[in-house]
Enquirer: 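Dumping the structure here so I can ask a few things about it.
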Amino acid sequence: GSKNNTASKVDNPLAGKKIALVMQFNQGTFSAQYIDGVKKQAAKFGGEVTVFASENDLSKMASNLDAAINQKFDGILIDHGNTDALGAGVEKAKAAGIPVVAFDAALGIDGVTDLSQNDQKMAEQTLEQLAKDAGGKGNIVKVWVAGFAPMERRQESYAAFQQQYPDIKEITSFGDASNPQLDAQTKMEAILKQYPEKGSITAVWAAWDEFAKGAANAIKQAGRDEIKVYGIDMSDEDLTMIQDPTSPWIASAAVDPTTIGTVQVRYLYQALHGDQTDAAVQIDSVYVSRDALPQDKQVTTADLAQYVPGWGESDQGNTDYLKELEAAVAAAQ
Amino acid sequence: MKNKWMDYLYKYGALVFIGVIVLFFSIYNEFFFTYSNLTDILRSISIVTFIAIGVTISLTVDGFDMSVGSTVSLSTVVTATMMVWYEMPLVVVIIAPLVVGAIVGLINAFLIVKIRIPDMLATFAVMYIISGVHKTYTKGYAIYNHMQMTDGSKAPGEMYKDFLWIGQGELLGIPFPVILMIIAVIAVHLFFKYTRWGRQMVMTGGNEEAARLSGLRVKRVRTYAYIASGVMAAIGGIIFAARVGSGQIDAGSPMLMEAVAAVFVGYSVLGAGRPNVIGTFVGAVLIGVLVNGLTMLHIEYYVNDIVKGGVLVLALAVTFINMHRKRT
Amino acid sequence: MKNKWMDYLYKYGALVFIGVIVLFFSIYNEFFFTYSNLTDILRSISIVTFIAIGVTISLTVDGFDMSVGSTVSLSTVVTATMMVWYEMPLVVVIIAPLVVGAIVGLINAFLIVKIRIPDMLATFAVMYIISGVHKTYTKGYAIYNHMQMTDGSKAPGEMYKDFLWIGQGELLGIPFPVILMIIAVIAVHLFFKYTRWGRQMVMTGGNEEAARLSGLRVKRVRTYAYIASGVMAAIGGIIFAARVGSGQIDAGSPMLMEAVAAVFVGYSVLGAGRPNVIGTFVGAVLIGVLVNGLTMLHIEYYVNDIVKGGVLVLALAVTFINMHRKRT
Amino acid sequence: MSGINKSFSGVKALHDAEFAVRAGEIHALLGANGAGKSTLMKILSGAYVADVGTIRLDGRELELRTPADAKAAGIHCVYQEVDTSLVAQLSVAENIFLDRIATHKTSAWLNWGRLYMEAEKLLSELGLRIPVRKRVAELTLAEKQMVLIARVMAEEAKIVIFDEPTAPLSTEETERLFQIMNKLKETGIGLVFISHRLHEVFQICDTITVMRDGRIIVTEPASALDTADVIQAMLGRSLEDEYPKAEANIGQTVLSVKDLAHGQRVRGVDLEVRRGEIVAVVGLVGAGKTELSRLLFGADSPERGTVEVDGKRANLASPTDAIGSGLVLVPEERRKEGILVEESVLHNLSLPVLRQMTKWGILSGAREKSNASGVVERLGVKTPSVNQLTGYLSGGNQQKVAIGKWLNTDADVFVFDEPTKGVDIGAKRDIFVIIGQLAAQGKGILYLTCEFAEAIGLADRILVMCDGRIVKQFHRGEATQENLLYYASAGQGEPA
Ligand SMILES: Nc1ncnc2c1ncn2[C@@H]1O[C@H](COP(=O)(O)OP(=O)(O)OP(=O)(O)O)[C@@H](O)[C@H]1O
Ligand SMILES: Nc1ncnc2c1ncn2[C@@H]1O[C@H](COP(=O)(O)OP(=O)(O)OP(=O)(O)O)[C@@H](O)[C@H]1O
Ligand SMILES: [Mg+2]
Ligand SMILES: [Mg+2]
């Protein structure tokens with residue numbers, strides 16, 4: 001179609017690339033924004049993205065990776081998954097000369113760039129803030145579930161935090177990934193009933209924004225405004241909640257999902273260009289709290305950068321020739 | 001003597017069982033048996049109950065509507081977009097998902113009644129289709145206040161306060177969704193028991209051929225049943241949107257299983273041995289009480305499933321052992 | 001004349017349809033019809049096919065095993081823990097999940113045959129229980145090489161190379177899971193067609209009472225069917241573990257729906273109008289081809305569900321319109 | 001009705017059928033199995049739509065596309081299979097008023113009190129005592145039939161069709177039904193009566209129509225015909241010997257039953273059957289014959305009692321064990337219990353002898369085929385091929401398959417439960433021939449029936465069963481229909 005025409009008008013070997021994005025799961029706004037970031041950046045380079053969804057099934061993800069290789073995409077982006085499941089496929093891609101850049105998969109394969117958001121740091125950022133706000137003591141609720149690599153990494157920071165602050169007691173912990181938001185809401189309600197006096201719960205730490213949404217809803221609807229919620233990961237949807245002065249969710253540590261997509265595409269294009277890319281790239285997380293946000297207007301993740309330094313304006317992975325490519329594609333349109 | 005005792009066990013077993021676990025949780029935790037916790041439990045089951053009522057209606061005409069879960073998802077996002085994307089008046093916000101639910105019901109009925117695909121197969125296929133449709137509609141995004149649109153602009157609207165009240169408000173100290181749920185349970189029960197149309201559905205489910213030979217337009221009756229089932233699921237979706245304040249993707253699919261569990265426990269209530277709306281409600285309450293109570297006991301979430309499954313097996317075992325005991 | 005044509009459409013419709021879409025995808029994308037892509041498609045459906053065979057076996061005796069999905073999850077984590085936690089020899093690693101699958105089948109059979117709970121209700125309850133059990137077993141964690149244990153230590157083992165070969169290796173250029181799958185499909189087909197026990201299952205499913213009064217031990221036959229179903233699911237779980245190199249939690253639950261879809265499409269293959277293992281295989285292939293091909297067309301991922309559902313409706317509509325056309 | 005044609009997937013069930021009923025007459029519709037009687041009546045009652053043909057009522061042409069249309073016109077039908085017309089889980093009252101509820105003739109809000117009252121009134125008018133709140137599932141077969149008749153009475157009928165209503169009824173209940181039918185006739189209603197029991201037909205009908213192969217053969221006043229004429233018309237030939245008997249030598253005792261009991265239905269039965277002997281057990285419906293046969297076959301487990309076959313104690317833990325002990329059963333409910341209608345004749349015939357068809361568990365197609373063709377030939381089963389689905393065969397031929405599957409099991413004792421139920425006269429005779437041959441081979445035959453004439457014609461010995469007990473024994477030639485009926489309906493001592 002028209003995209004190809006635009007691309008063919010650009011006299012650049014990097015234009016007109018077909019890119020596969022193989023994702024482990026794509027539920028929720030976070031994933032949607034991440035896809036958006038990938039697509040927009042690829043479009044800026046005159047490329048075209050195909051999303052392979054795996055419905056949280058690693059075997060399907062491995063199959064999708066195989067399919068992307070068979071269909072001779074020019075480059076492959078991986079979102080989540082792990083080496084055990086994807087290693088063989090990635091080796092195959094390498095053998096076929098298809099560059100691969102992974103996000104949050106910790107592949108550790110030679111010649112493949114691993115992007116990661118620093119899960120432990122994000123957990124630390126929110127937990128530190130929680131400890132500070134609570135004055136180093138109190139009762140907290142953890143919303144968390146095992147079985148997912150990022151969650152399990154966040155749990156490591158949490159364990160360290162518990163050692164460091166023995167006066168902060170975990171009164172209970174729950175979490176179920178199958179219907180995260182509503183389930184967290186229902187269970188949080190039960191906990192609130194069990195600890196009905198104000199002040200008996202200091203804060204809630206949610207290891208995933210889907211959990212934070214549910215917990216925040218329950219607390220808000222119960223009118224227990226003394227309880228604060230700290231979450232990790234933040235989509236545009238979450239931002240509106242954090243900004244809402246009546247919401248107990250006051251802070252989150254996150255990497256802009258759009259930025260992840262953008263940066264990941266840039267590294268892929270570096271590889272396509274033939275550069276020796278870094279083995280590991282850390283995308284820095286940003287701590288976003290309600291204090292930092294304006295009270296008079298609603299911000300979105302797109303304009304959050306104005307208020308929170310480091311958000312969404314990462315130039316990570318950009319190079320001169322990529323800027324040229326971007327300019328050329330823009331000119332052709 | 002022993003038989004009589006068994007009959008009682010059978011008839012009131014599920015109710016007694018609920019009583020016992022409520023007692024147990026109450027003793028174990030002083031906050032369990034409080035007004036606000038009990039109403040919270042009821043509120044937490046209200047959405048699943050609506051879906052389960054839909055399933056019950058379809059089972060009553062001897063069908064099985066597996067598409068209710070995805071109908072919930074669809075109606076949730078339709079509801080949310082009516083406000084967030086289109087800023088429609090509240091009536092439209094509520095009518096639109098109901099119409100959508102009815103249309104899903106019509107599609108099911110068409111496949112089942114006209115094309116004569118067996119119920120479960122047809123609604124199973126529709127489940128897939130609707131699940132794809134609702135994600136296509138929102139392009140995979142959840143719907144929330146002033147959401148960012150893919151074209152970079154911002155959605156104009158937000159979820160109305162009045163609307164959120166449906167899911168979060170209270171009337172005379174009772175959560176509004178609980179009121180809706182109880183009205184629905186009673187209304188559907190009366191409908192099946194005392195109205196001509198209700199009896200026609202029961203007749204159709206009991207023996208379709210006999211009903212047809214009696215001059216009943218069974219196809220029409222079954223069509224209405226599927227529409228009713230779709231509308232019930234849509235109400236569940238509306239409450240869902242009002243409860244969480246946004247339009248979540250795939251919100252309903254995990255609820256299908258939960259609803260089916262409630263319906264199946266309901267088989268055993270009052271010894272019916274078949275779908276009945278009061279039983280369904282009791283089943284939903286039982287599951288809600290268990291989840292709430294077990295959370296308070298700080299039982300890990302994965303044990304919930306074992307308990308749910310165990311309770312289900314127990315209820316079914318009592319019912320069916322008794323049914324077969326009677327037969328022979 | 002016209003009837004004959006319709007009969008052909010009915011009988012070979014599903015096969016022709018697959019042919020047409022394969023042709024279409026091949027024309028549209030030069031990489032589709034390559035040996036490696038086609039074998040990859042087959043590999044991608046191998047796990048679902050095993051689960052679907054399990055469902056087909058249970059449907060053959062007129063039951064419905066809804067617990068296969070969670071049996072996959074359980075056998076996957078059992079397999080992985082055998083290596084990662086206990087460093088067992090390879091035989092044990094493979095035998096253990098098969099035994100576990102058989103036990104799940106036995107539990108199902110016990111509830112259905114002894115307690116006489118209707119099939120779907122019983123296996124539905126067992127689905128919940130097994131789903132809870134497998135998460136309780138791993139405390140909700142996924143199982144991976146040298147995983148961190150909750151007590152702070154590290155697990156001693158890792159997944160064996162030899163074991164991973166089951167899911168990732170090739171024999172004569174054909175992926176090993178594909179070979180397993182094809183053997184299973186052919187074996188089960190031959191079993192139903194040419195062995196006494198297979199015939200007994202078919203007959204039991206056709207009319208249990210008549211089969212019993214013809215001297216079949218129908219309870220035993222149904223018990224074997226559920227055990228076979230559990231074992232098939234367990235094989236699916238083993239391949240899953242070998243394919244992804246770890247033991248994932250809840251790996252099987254999304255696969256249940258996929259498997260059921262394959263089985264239902266299979267109803268229409270060769271005009272059977274009832275469950276049959278060849279049809280199930282064709283159904284799985286069709287779904288695999290569609291999903292693979294559609295991504296090549298740059299169809300958004302969320303549209304996949306619509307297409308799957310649509311194909312299912314189409315297949316079922318052709319089958320059942322024809323079946324009823326014949327009847328009247 | 002004129003020029004009625006109807007085909008089922010190419011098979012012509014009705015050829016230009018003409019049929020008329022006058023007000024105030026009872027019109028018998030007769031014919032062999034599959035002649036098209038039920039089909040013609042289903043067209044009249046709107047359950048099927050004719051391919052071609054017109055229906056007139058009182059001179060007006062009717063278009064009957066649904067049962068509702070027919071009912072609106074005043075045409076009602078009591079169908080052959082009662083369970084297809086009843087909703088088992090609902091109450092008697094609701095089943096009686098099923099039509100009204102179905103066709104919106106009640107108020108939108110049901111008044112249960114009134115419904116029960118009206119139902120009671122209606123039933124007492126018919127002289128019936130059935131609790132109106134009872135669930136139909138708990139009724140006896142005869143009571144169910146009565147509920148259906150009450151349903152017709154509740155409506156304004158012009159024509160009422162009874163499709164084989166007497167098959168499940170006892171003589172007494174049949175009498176009651178005939179009284180009701182006569183009452184209806186006097187009110188000017190036209191009645192159609194379908195039955196295979198010719199003596200009943202001559203007892204009550206004014207006009208007789210005989211069908212064969214979808215065609216009307218004769219329509220005459222009942223007085224102008226006799227049984228032989230009717231049989232000639234039904235079969236296209238005459239039936240010389242209704243009860244053929246092959247010569248059999250009666251030998252040693254092969255079956256010996258002592259004090260067999262189960263619940264209320266079978267309360268301590270003792271009986272013996274010798275090799276080559278045909279022993280009939282007669283009794284009214286509900287006497288417990290079916291239950292007895294199921295106990296003998298291990299289909300249900302007895303509370304007490306012993307069964308010996310050939311002097312050895314039989315294991316009756318399951319049908320499989322009973323077969324192993326040399327007992328086989330041809331059950332009453334042919335399509336539900338005797339055969340698998342969705343399977344081929346070949347598969348049905350292989351089923352009890354699967355072990356003989358296999359080597360190391362592998363089925364031999366050739367052996368299966370020769371087994372099936374052997375049986376088909378021996379019993380004269382009319383089927384295009386052994387691969388035909390059994391459900392497509394006519395009733396009599398289905399019954400032959402149900403019997404034939406046992407032929408190669410080398411059983412010692414054959415138990416037949418109502419093997420002629422719903423089977424036409426021609427096929428009936430074939431079945432009698434087969435039974436005779438089995439006896440001639442030295443098998444013991446236990447023949448359970450409620451048709452006394454059959455027992456008298458066929459059996460060497462007749463046992464009368466009443467209320468779960470054997471109350472009387474007759475040897476060949478001793479019994480008459482009257483004294484059988486006397487003992488069967490709980491008569492004690494000697495008949496008056
Ligand atoms: N629904 C149907 N589909 C196909 N064939 C049918 C159907 N109903 C009836 N037939 C066929 O039409 C013919 C007439 O059947 P019908 O039931 O009218 O016979 P009948 O005279 O009532 O016999 P019986 O005495 O056994 O009740 C038979 O050959 C039968 O197999
Ligand atoms: N309430 C009922 N509803 C439907 N069918 C019934 C009912 N009661 C009995 N029957 C049928 O009639 C038969 C009655 O069997 P039962 O054991 O009571 O006595 P029986 O002496 O065998 O009667 P029959 O003379 O019919 O053989 C059963 O085969 C059953 O199919
Ligand atoms: Mg008939
Ligand atoms: Mg009987």
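Quick note on labels: first sequence line is chain A, next is B, and so on, each numbered from 1.
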Enquirer: Where do Arg212(C) and Pro319(D) come nearest, in terms of heavy atoms and distance?
Expert: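 Residues Arg212(C) and Pro319(D), closest heavy atoms: O-CB, 3.3 Å.
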Enquirer: Please name the pair of heavy atoms, one in Thr320(D) and one in Gly215(C), separated by the smallest distance, quoted to 0.1 Å.
Expert: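 Scanning both residues completely, I find the closest heavy atoms to be OG1-O, 2.9 Å.
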Enquirer: Counting heavy-atom pairs under 4.5 Å with chain C, which one of Ile323(D), Leu340(D), Val341(D), Ile362(D) comes out on top?
Expert: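 Result: the option with the highest number of such pairs is Leu340(D).
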Enquirer: For Trp197(C) versus Trp360(D), what's the shortest heavy-atom pair and its separation?
Expert: CH2-O, 4.2 Å
Enquirer: Against chain D, label Leu190(C) side chain, backbone, both or neither, depending on which of its atoms sit under 4.5 Å from a heavy atom there.
Expert: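 Nothing of Leu190(C), per the 4.5 Å heavy-atom cut-off to chain D.
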Enquirer: Chain C heavy atoms under 4.5 Å from Glu337(D): which part of the residue, side chain, backbone, both or neither?
Expert: both
Enquirer: Within this structure, what is the CG-CE distance for the pair Leu354(D) and Met203(C), rounded to the nearest 0.5 Å?
Expert: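 Between atom CG of Leu354(D) and atom CE of Met203(C) there are 7.0 Å.
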Enquirer: Can you confirm whether Tyr224(C) is buried at OH, in the sense that more than 12 heavy atoms of other residues, nucleotides or ligands lie under 6.0 Å from that atom?
Expert: no
Enquirer: Which of the residues Gly361(D), Gly365(D), Pro331(D), Ser364(D) is involved in the greatest number of heavy-atom pairs with chain C at under 4.5 angstrom?
Expert: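 The answer is Gly361(D).
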Enquirer: Can you give me the closest heavy-atom contact between Asn207(C) and Lys336(D), atom names plus distance?
Expert: ND2-O, 2.8 Å
Enquirer: Who are the side-chain hydrogen bond (donor to acceptor under 3.5 Å, both in side chains) partners of Arg65(D), not counting sequence neighbours?
Expert: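 side-chain hydrogen bond (donor to acceptor under 3.5 Å, both in side chains) check on Arg65(D) returns Glu63(D).
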Enquirer: Please determine whether the number of non-hydrogen atoms from other residues, nucleotides or ligands lying under 6.0 Å from atom CZ of Phe191(C) exceeds 12.
Expert: yes
Enquirer: State, to 0.1 Å, how close Glu368(D) and Arg199(C) come at their nearest heavy-atom pair, and which atoms those are.
Expert: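 Scanning both residues completely, I find the closest heavy atoms to be OE1-NH1, 2.7 Å.
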Enquirer: Keeping Arg196(C) on the side-chain end and Arg355(D) on the backbone end, is there a donor-acceptor pair under 3.5 Å?
Expert: no
Enquirer: Which pair of non-hydrogen atoms, one from Ala299(D) and one from Leu213(C), has the smallest distance, and what is that distance?
Expert: CB-CD2, 3.6 Å
Enquirer: Under 6.0 Å from the CZ atom of Arg217(C), do we count more than 12 heavy atoms belonging to anything else shown?
Expert: yes
Enquirer: What part of Ser350(D) gets within 4.5 angstrom of chain C, counting heavy atoms only: side chain, backbone, both, or neither?
Expert: side chain
